[in-house]
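So the structure is just underneath, and the comments pick up after that.
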2 protein chains.
Amino acid sequence: MNTTLTNEQQRLARMLKALGNPIRFQIVEYLAASQSCITNDIVRALPLAQSTVSQHLKVLREAGLILGEIEGPATCYCLDVAGIQWLKEQIGNWLPGCCPSAGPLIQL
Amino acid sequence: MNTTLTNEQQRLARMLKALGNPIRFQIVEYLAASQSCITNDIVRALPLAQSTVSQHLKVLREAGLILGEIEGPATCYCLDVAGIQWLKEQIGNWLPGCCPSAGPLIQL
DNA sequence: CATCTATATCGTAAAATTACGATATGAATA
DNA sequence: TATTCATATCGTAATTTTACGATATAGATG
């Protein structure tokens, strides 16, 4: 076995790890539902301290799943659509030989 | 925000977390490439102790990504095709509104 | 039966993650 | 300018994960 992962595989694993945390999964779902944005909304919706939420947002940002933009005194977060798109494509094309009855996923 | 995840979302997060570890990601890729099986092959292919590999295999098993079957003195591992199929479907249908230019993934 | 082989599990140490309060920063506001 | 508000970062404690060696188990082999 090749003992290293390609850069793409590392990027994918990083995304999966970020999403594997239930809190972060929820944050992504929240951003998808609300379209936008303000960090404080997320903080108020979760039973966690502001600093903890900020830390989770950083992980999601560094994984390429969300984008943060400073808007005046606040920060507006939204999904990194390109990153999520890439993730979905990677998983869609992953292990193509694994599920022969299904075949690869095709993007419409 | 609903502060809990559905059972399906929890199952998905568990799979993503399991795959988010680079070693476990490699093990899954290895099993996909080799079709089968024997644990000791995986151990010899990785720079890790046998007990550590066994632990990773347990995590992958409990996440529903691989199956283990005792074959005489050894254990034969292979992908849990149904579980992986489910994962791919979940991700394919995930955040359908997120990437409007792409639309949902359709299974052929 | 004694031994070897393959594997899982146990106990534990080290490292990473997760959470918090406190603090720093920077923009808006009085 | 002083204050407030939103957020990021720091330091740290608690928890979880990851890794190892040792041990237990169960089937094969001499």
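Letters A, B, ... are given to chains in the order of the sequence lines, protein chains preceding strands, and every chain is numbered from 1. Keep in mind that the numbers below use all heavy atoms, side chains included, and drop hydrogens, waters and symmetry copies.
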Sorted by chain and residue number, the side-chain hydrogen bond (donor to acceptor under 3.5 Å, both in side chains) partners of A:R24 (sequence neighbours excluded) come out as A:H56
Specify the separation, in whole Å, of atom CZ of A:R24 and atom C1' of C:dA16.
12 Å
Short of 4.0 Å, heavy atom to strand atom, which residues of residues 11-23 of chain A count as contacting DNA chain C?
A:K17, A:N21
Provide the start and end nucleotides, 5' to 3', of the part of DNA chain D that has atoms under 4.0 Å from heavy atoms of chain A.
D:dA6 to D:dT9
C:dA8, OP1 or OP2 - any side-chain N/O from B:Y77 closer than 4.0 Å?
yes
Can you measure from CG (B:L87) to CG (B:L19) and round to the nearest 0.5 angstrom?
6.5 Å
B:T52 near the nucleic acid: base, sugar-phosphate alone, or nothing, with a heavy-atom cut-off under 4.0 Å?
base
If you group Ile, Leu, Val, Met, Phe, Trp and Tyr by side-chain heavy-atom gaps below 4.5 Å, do A:L95 and B:L67 land in one group?
no
OP1 or OP2 of C:dA6 under 4.0 Å from side-chain N/O of B:T75
no
Write out a two-atom table: protein N or O, nucleotide N or O from nucleotides 27-29 of chain C, distance below 3.5 Å.
none

Using five pairs at each end of the helix from C:dC1-D:dG30 to C:dA30-D:dT1 to define an axis, what is the angle between those two axes, to 10°?
10°
Quick one: do B:V59 and B:I27 end up in the same hydrophobic cluster if we chain Ile, Leu, Val, Met, Phe, Trp and Tyr together by side-chain heavy atoms under 4.5 Å apart?
no
From CD of A:E62 across to P of C:dA16 the rounded distance in Å is 15 Å
Is the closest side-chain heavy-atom distance between B:F25 and A:L16 below 4.5 Å?
yes
Checking all strands, does A:R44 fall into the base, sugar-phosphate, or nothing category for heavy-atom contacts under 4.0 angstrom?
nothing
If only atom types and distance count, is the side chain of B:T52 paired as donor or acceptor with the main-chain N or O of B:L48 below 3.5 Å?
no
Output the distance between atom CD1 (B:I84) and atom CG (B:L79), rounded to the nearest 0.5 Å.
4.0 Å
Is there a side-chain contact between A:N21 and B:K17, using heavy atoms and a 4.5 Å cut-off?
no
Please name all residues satisfying side chain to side chain contact (heavy atoms under 4.5 Å, CB included) with B:E8, sequence neighbours left out, ordered by chain then number.
B:T6, B:W86, B:Q90
Minimum side-chain heavy-atom gap B:I66-B:L31 below 4.5 Å:
yes
Chi angles and distances behind the side chain to side chain contact (heavy atoms under 4.5 Å, CB included) call for A:D80, A:L60:
CA-CA 10 Å; A:D80 185 333; A:L60 289 169; over 6 Å; no
Output every pair passing salt bridge (charged side-chain N to carboxylate O under 4.0 Å, His left out) with a member in residues 43-61 of chain A, not counting sequence neighbours, ordered by first then second residue.
A:D41-A:R44
Residues at least two apart in sequence or cross-chain that pass side chain to side chain contact (heavy atoms under 4.5 Å, CB included) with B:A33, listed by chain then number, are none
Euclidean distance, A:C76 SG relative to A:E69 CD, rounded to 0.5 Å:
6.5 Å
Hits for side-chain hydrogen bond (donor to acceptor under 3.5 Å, both in side chains) against A:E29, two or more places apart or cross-chain, chain-then-number order -> B:Q9, B:W94
Within residues 53-60 of chain B, which residues have any heavy atom lying less than 4.0 Å from an atom of DNA chain D?
B:Q55, B:H56
The criterion is side chain to side chain contact (heavy atoms under 4.5 Å, CB included); which residues satisfy it with A:T75, sequence neighbours excluded?
A:T39, A:I70, A:Y77
